[in-house]
Undergrad: 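Before anything else, here's the structure in question.
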Number of protein chains: 2
Amino acid sequence: MKADSISKILKDSALRITPQRIAVLEAILMLNNHPTADNIIQYIKNAYPNIAIGTVYKILDNFVSKGLVNKVKTDSDSMRYDAVTEKHHHLYCYESDRIEDYFNEELDQYLNNYFIKRKIYNFKIEDIKLQIIGKFSDNTNK
Amino acid sequence: MKADSISKILKDSALRITPQRIAVLEAILMLNNHPTADNIIQYIKNAYPNIAIGTVYKILDNFVSKGLVNKVKTDSDSMRYDAVTEKHHHLYCYESDRIEDYFNEELDQYLNNYFIKRKIYNFKIEDIKLQIIGKFSDNTNK
DNA sequence: ATAATTGCAAAAGCTTTGCATGGCC
DNA sequence: GGCCATGCAAAGCTTTTGCAATTAT
């Protein structure tokens, strides 16, 4: 992805355009396995040896609060980040650390309708995310 | 819950019965909002001022590996623990930190069947967990 | 008896914070 | 120019680790 299109994404989110922000966003988009902050920092360091860890965390928080990036919950210590903002679910592989996106509008529709008919007492649903746990049949890490 | 029944649970899981383990398991069962390790430690300290933090973490790991307790992923820093081992999902309230269990066998059946018909390429599903995000209508924290 | 568990304290992550410097608009 | 973002280093939290002492079986 070109720096131009990334700049545009930042501008559209009313974020000041800085080289660090471009680098972080590009890293998340390139590293497709839902990178940790550390993955991102390592990736950036090639082109950008002086970037500060704190800066990356601040940028990530920033992106999250603007809805540009989402946090992905995992069982392990560190938070992972996801630049795909369309509604989707996740496939978790318990063998590798791989997490893949899973899109299925048909199922989302079904679940929406299901919970309209079958309300949960005392709870107003805003979103439903599936954690689909299992194993990839190949062994690549993409 | 009586110490007797808790001892039985430990014995059934082939775990050595110690006062610390009884206290931890009792705490998880009593604190119903999916407690953090720290919640558990605070709870235990009343009756048991000298319990070591490291011990509680070791006990929790132990319980998790025996399947007595499950870890619950959240957006926040700390892991939470769940003593309910039957298949269930979670309601996450984004306002409070409340997490409630949600059981629905009918829906589980449907999802099982759905994914038998509609396989995910390259992925073998072992379990599906719903994260149902929203808001409780009351304001209690139970 | 012996093997596992505990307590303690230190250390190891990951993430946040404060503040002076520098850069974007 | 003014304000916001960055770099740096320190500190905060949660969790893990190692080891000697203690306890369960």
Side-chain angles (χ1 to χ4, degrees), chain A residues 3-4 6-25 27-28 34-45 47-66 68-69 71-81 97, chain B residues 3-4 6-25 27-28 34-45 47-66 68-69 71-81 97:
Chain A
D4 277 6
I6 292 181
S7 299
K8 186 170 179 329
I9 297 175
L10 294 175
K11 188 176 272 182
D12 289 350
S13 295
L15 284 166
R16 220 177 246 200
I17 294 164
T18 68
Q20 292 86 342
R21 282 184 175 158
I22 293 173
V24 169
L25 189 47
I28 303 177
H34 303 79
T36 61
D38 191 57
N39 295 150
I40 294 166
I41 291 161
Q42 295 316 318
Y43 181 90
I44 292 176
K45 282 228 163 141
Y48 218 115
N50 292 344
I51 195 156
I53 294 171
T55 302
V56 172
Y57 279 102
K58 281 171 196 159
I59 291 174
L60 288 170
D61 279 357
N62 235 303
F63 286 178
V64 169
S65 66
K66 296 281 181 188
L68 219 63
V69 156
K71 292 185 171 188
V72 181
K73 307 176 215 298
T74 74
D75 271 341
S76 73
D77 301 346
S78 32
M79 194 56 69
R80 293 170 70 159
Y81 297 89
D97 260 350
Chain B
D4 278 6
I6 292 182
S7 300
K8 188 170 177 329
I9 296 176
L10 294 175
K11 188 176 270 182
D12 289 349
S13 295
L15 285 166
R16 224 177 244 203
I17 295 163
T18 68
Q20 291 86 342
R21 282 183 176 159
I22 292 173
V24 169
L25 189 47
I28 303 177
H34 302 79
T36 62
D38 191 57
N39 294 151
I40 294 166
I41 291 162
Q42 296 316 318
Y43 181 90
I44 293 177
K45 282 227 164 144
Y48 218 113
N50 292 343
I51 195 156
I53 294 170
T55 302
V56 172
Y57 278 102
K58 283 172 196 159
I59 290 174
L60 287 170
D61 278 355
N62 235 303
F63 286 178
V64 169
S65 66
K66 295 283 181 186
L68 218 63
V69 156
K71 291 185 171 187
V72 181
K73 307 179 217 298
T74 74
D75 271 339
S76 74
D77 302 345
S78 33
M79 194 55 70
R80 294 170 70 160
Y81 296 88
D97 261 349

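Computed from heavy atoms alone, side chains included, the values below leave out hydrogens, waters and symmetry copies. Naming convention: chains lettered A, B, ... in sequence-line order (proteins, then strands); numbering from 1 in each chain. Treat the numbers as computed from the prediction; the structure is a model and nothing was measured.
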Undergrad: Can you tell if the side chain of B/Asp97 reaches within under 4.5 Å of the side chain of B/Thr74, non-hydrogen atoms only?
TA: no

Undergrad: Could you tell me whether a side-chain N or O of A/Ser65 sits under 3.5 Å from a main-chain N or O of A/Asn62, the two making a donor and an acceptor?
TA: yes

Undergrad: Looking only at heavy atoms, what is the nearest atom pair of B/Val72 and B/His34, with distance?
TA: CG2-CD2, 4.1 Å

Undergrad: Looking at A/Lys8 and A/Asp4, is there a salt bridge between them, counting it only when a charged N and a carboxylate O are closer than 4.0 Å?
TA: no

Undergrad: Provide the closest heavy-atom pair for A/Ile40 versus A/Ala27 in the form atom of the first, atom of the second, distance.
TA: CG2-CB, 3.9 Å

Undergrad: First contact, last contact: which nucleotides of DNA chain D are these for chain A, 5' to 3', heavy-atom distance under 4.0 Å?
TA: D/dC3 to D/dC8

Undergrad: Expressed in angstrom and rounded to an integer, what is the separation of A/Ile59 atom CD1 from C/dC24 atom C1'?
TA: 13 Å

Undergrad: Within this structure, what is the CG-NZ distance for the pair B/Asp38 and B/Lys45, rounded to the nearest 0.5 Å?
TA: 8.5 Å

Undergrad: For C/dG7, does OP1 or OP2 lie under 4.0 Å from any side-chain N or O of B/Gln20?
TA: yes

Undergrad: In the 5'-to-3' direction, what one-character label does each nucleotide of nucleotides 15-22 of chain C receive under the scheme B = base within less than 4.0 Å of a protein heavy atom, S = sugar-phosphate only, - = no such atom?
TA: BBBB----

Undergrad: Rounded to the nearest 0.5 Å, what separation is found between the CG atom of B/Asp61 and the OH atom of B/Tyr81?
TA: 6.0 Å

Undergrad: Distance only, no hydrogens: is a donor on one side chain within 3.5 Å (strictly under) of an acceptor on the other, for B/Thr36 and B/Asn39?
TA: yes

Undergrad: Atom CG of B/Leu15 to atom C1' of C/dT6: distance rounded to whole Å?
TA: 15 Å

Undergrad: In whole Å, what is the span from the CG atom of B/Leu60 to the C1' atom of C/dT5?
TA: 14 Å

